[in-house]
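See below for the structure under consideration.
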Amino acid sequence: MSTKRREIIVSVNELAIGMRVVRLDRPWLQTDFPIQGLVIKSQRDIDNLQRQCEYVFIERIEFLAGKPLQGNHPPGNIASRDYPPGKERRKERKGLFARITNALSRKATDKKTNAQTYGKALCKKRPAPAERIIYTDSVKTEKELPAAKVSYEEAKRSVTNIMESVRLGKSANVQNSIDAVDGIVDSVLRNKDALTWLTRIKHKDAYTAEHSLNVCVLTATFARFLGHNDAEIRQMAIAALLHDVGKSRVPSEILNKEGRFTDEEFEIMKLHTVYGRDMLLGIDGADRIAVDVAHSHHERVDGSGYPRGLQAHQIPYYAKLIALVDCYDAITSSRCYDAA
């Protein structure tokens, strides 16, 4: 099992003496702090952080009158925290994530109202980890590589079988994919690099199946880096493995065409997102997140994507995350119509 330590995201308005700051909302080099990481020892430290940041990440440690922070409190809930004797808590403000977003994207005319309204929506739309898990490799890359190869080949067979079953109109066995993804995620949690190296071995004639598998591996690795928990990583990995399942309904002469698509061919290719959604909705055991990702992984935050032309706030978080990985693997692969 991987070892891990906890970080909690905290507004700079909620800082107190004794907290250990391990990360900022911007690179340390863009601030005037001489080192990366600090223990808040004075009000001057708090003032400096408030002047330069909107939020920071603190390490879950024993602090403040010797009492540990109990439970998994959300970052905006500071009512149960203990503060140093004689140090009054600053006036509590609601909607931490809303304040962060407003500060980065626009000036709010009514900060309190906007924070409360947008904060509630954001909690539903964006399940990014409020409490970030930091993973460390428990196995060296060279030791993990044999197990990673086994997991990779099993998952590759699984996604190939699903694509072929759907193409022939047969029922796809999603449970086999879930089992294969478990092996992928277990390997990624043990070591972040072993499977990533395998994604760099690409075969042009097996692009669709390998691409789906590579997106699965890279999504699990990305989600680990972002600090998602084990269950979330597994959900994202299975959604990534199945994100292009709709391509099995696209005619092979279009799917494997060399050269650019005509406008008519591109319209047909775009339908793989709708096909994928419909196919997964019809499969017992398919997760709702996988359905959303299959349908929305080609949506773009400026509204230029397909099939629905969604705006940024309308695109599911997991679909945004997997879209990044999908694009990365695509542009670093030699496809039948374009070089890497």
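Quick caveat, the model's predicted, so the values are computed rather than measured.
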Do you know the tightest heavy-atom contact between [X] and [Y]?
X: I322; Y: M236; value: CD1-O, 3.6 Å
X: A239; Y: I289; value: CB-CG2, 4.0 Å
X: A290; Y: L280; value: O-CD1, 3.5 Å
X: H298; Y: D326; value: CE1-OD2, 3.9 Å
X: A323; Y: R300; value: CB-NH1, 3.9 Å
X: Y152; Y: V217; value: CD1-CG2, 4.4 Å

Would you say the rings of [Y] and [X] are close, in the sense that their centroids are separated by under 6.0 Å?
X: H297; Y: H272; answer: yes
X: Y318; Y: H295; answer: no
X: H211; Y: H243; answer: yes

Item to check | Qualifying residue, where the test is side-chain contact (heavy atoms from CB on, under 4.5 Å) with V185 and the options are V188, V181, D182 | outcome: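 Result for side-chain contact (heavy atoms from CB on, under 4.5 Å) with V185: V181.
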Item to check | Aromatic plane relationship, F266 with Y306 - under 30° parallel, 30 to 60° tilted, over 60° perpendicular | outcome: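 Y306 and F266: perpendicular rings.
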Checklist entry - With under 30° as parallel and over 60° as perpendicular, where do the rings of F225 and F222 fit, or are they tilted in between? => result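 Answer is parallel, since the angle falls under 30°.
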Using a 4.5 Å cut-off on heavy atoms from C-beta on, say whether the side chain of [Y] contacts that of [X].
X: L321; Y: T219; answer: yes
X: I254; Y: F261; answer: yes
X: I233; Y: L189; answer: yes

Rounded to the nearest 0.5 Å, how far does [atom2] of [Y] lie from [atom1] of [X]?
X: Q43; Y: L15; atom1: CD; atom2: CG; answer: 9.5 Å
X: L226; Y: I133; atom1: CG; atom2: CD1; answer: 11.5 Å
X: L49; Y: E54; atom1: CG; atom2: CD; answer: 12.0 Å
X: R249; Y: Y275; atom1: CZ; atom2: OH; answer: 8.0 Å
X: Q50; Y: S11; atom1: CD; atom2: OG; answer: 8.0 Å
X: N191; Y: T136; atom1: CG; atom2: OG1; answer: 11.0 Å

Using a 3.5 Å distance criterion without hydrogens, assess whether the side chain of [X] forms a donor-acceptor pair with backbone atoms of [Y].
X: K320; Y: A312; answer: yes
X: E59; Y: V21; answer: no
X: S248; Y: V245; answer: yes
X: D329; Y: V325; answer: no

Item to check | Between D230 and Y135: side-chain donor-acceptor atoms closer than 3.5 Å | outcome: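 No donor-acceptor contact under 3.5 Å links the two side chains.
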Checklist entry - Going by atom types alone, do S296 and R308 pair a side-chain donor with an acceptor below 3.5 Å? => result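 Present: a donor and an acceptor within the cut-off.
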Checklist entry - Does a salt bridge link R224 with D137, judged by any charged N lying under 4.0 Å from a carboxylate O? => result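 Yes.
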Next on the checklist: Closer than 4.0 angstrom, basic N to acidic O: yes or no for K247 and D244?
Outcome noted: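 The answer is yes: the pair qualifies as a salt bridge.
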Under 4.5 Å between side-chain heavy atoms, counting indirect links through other Ile/Leu/Val/Met/Phe/Trp/Tyr residues: same cluster for [X] and [Y] or not?
X: M19; Y: F33; value: yes
X: M279; Y: L271; value: yes
X: V39; Y: I46; value: no
X: I58; Y: W28; value: yes
X: L255; Y: V274; value: no

Item to check | Full working for side-chain contact (heavy atoms from CB on, under 4.5 Å) between R23 and R132 | outcome: CA-CA 11 Å; R23 195 156 57 91; R132 185 172 185 257; 2.9 Å; yes
Next on the checklist: Before you tell me yes or no, could you show the steps for D292 and R288 under salt bridge (charged side-chain N to carboxylate O under 4.0 Å, His left out), namely the whole-Å CA-CA distance, both residues' side-chain angles and the distance that decides it to 0.1 Å?
Outcome noted: CA-CA 6 Å; D292 284 342; R288 182 70 207 186; 3.6 Å; yes
Item to check | Verdict with supporting geometry, L218 and T196, side-chain contact (heavy atoms from CB on, under 4.5 Å) | outcome: CA-CA 7 Å; L218 295 171; T196 304; 4.0 Å; yes
Next on the checklist: Name the residue from K149, K192, R190 that meets the salt bridge (Lys or Arg N to Asp or Glu O under 4.0 Å) definition with E144.
Outcome noted: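 Of K149, K192, R190, salt bridge (Lys or Arg N to Asp or Glu O under 4.0 Å) with E144 is met by R190 alone.
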Checklist entry - More than 12 non-hydrogen atoms from neighbouring residues, nucleotides or ligands closer than 6.0 Å to CZ on R51, yes or no? => result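 More than 12 heavy atoms, drawn from other residues, nucleotides or ligands, come within 6.0 Å of this atom.
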Item to check | Intermediate values then yes/no, side-chain contact (heavy atoms from CB on, under 4.5 Å), T221 and T199 | outcome: CA-CA 12 Å; T221 307; T199 67; over 6 Å; no
Item to check | Pairs satisfying salt bridge (Lys or Arg N to Asp or Glu O under 4.0 Å), at least one member in residues 268-279, at least two apart | outcome: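 Passing the test, one end in residues 268-279: E267-K270.
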Next on the checklist: So, using side chain to side chain donor-acceptor pair (under 3.5 Å) as the criterion, who are the partners of Q52 when residues are at least two apart?
Outcome noted: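 Partners of Q52 by the side chain to side chain donor-acceptor pair (under 3.5 Å) criterion, ordered by chain and then number, come out as D32.
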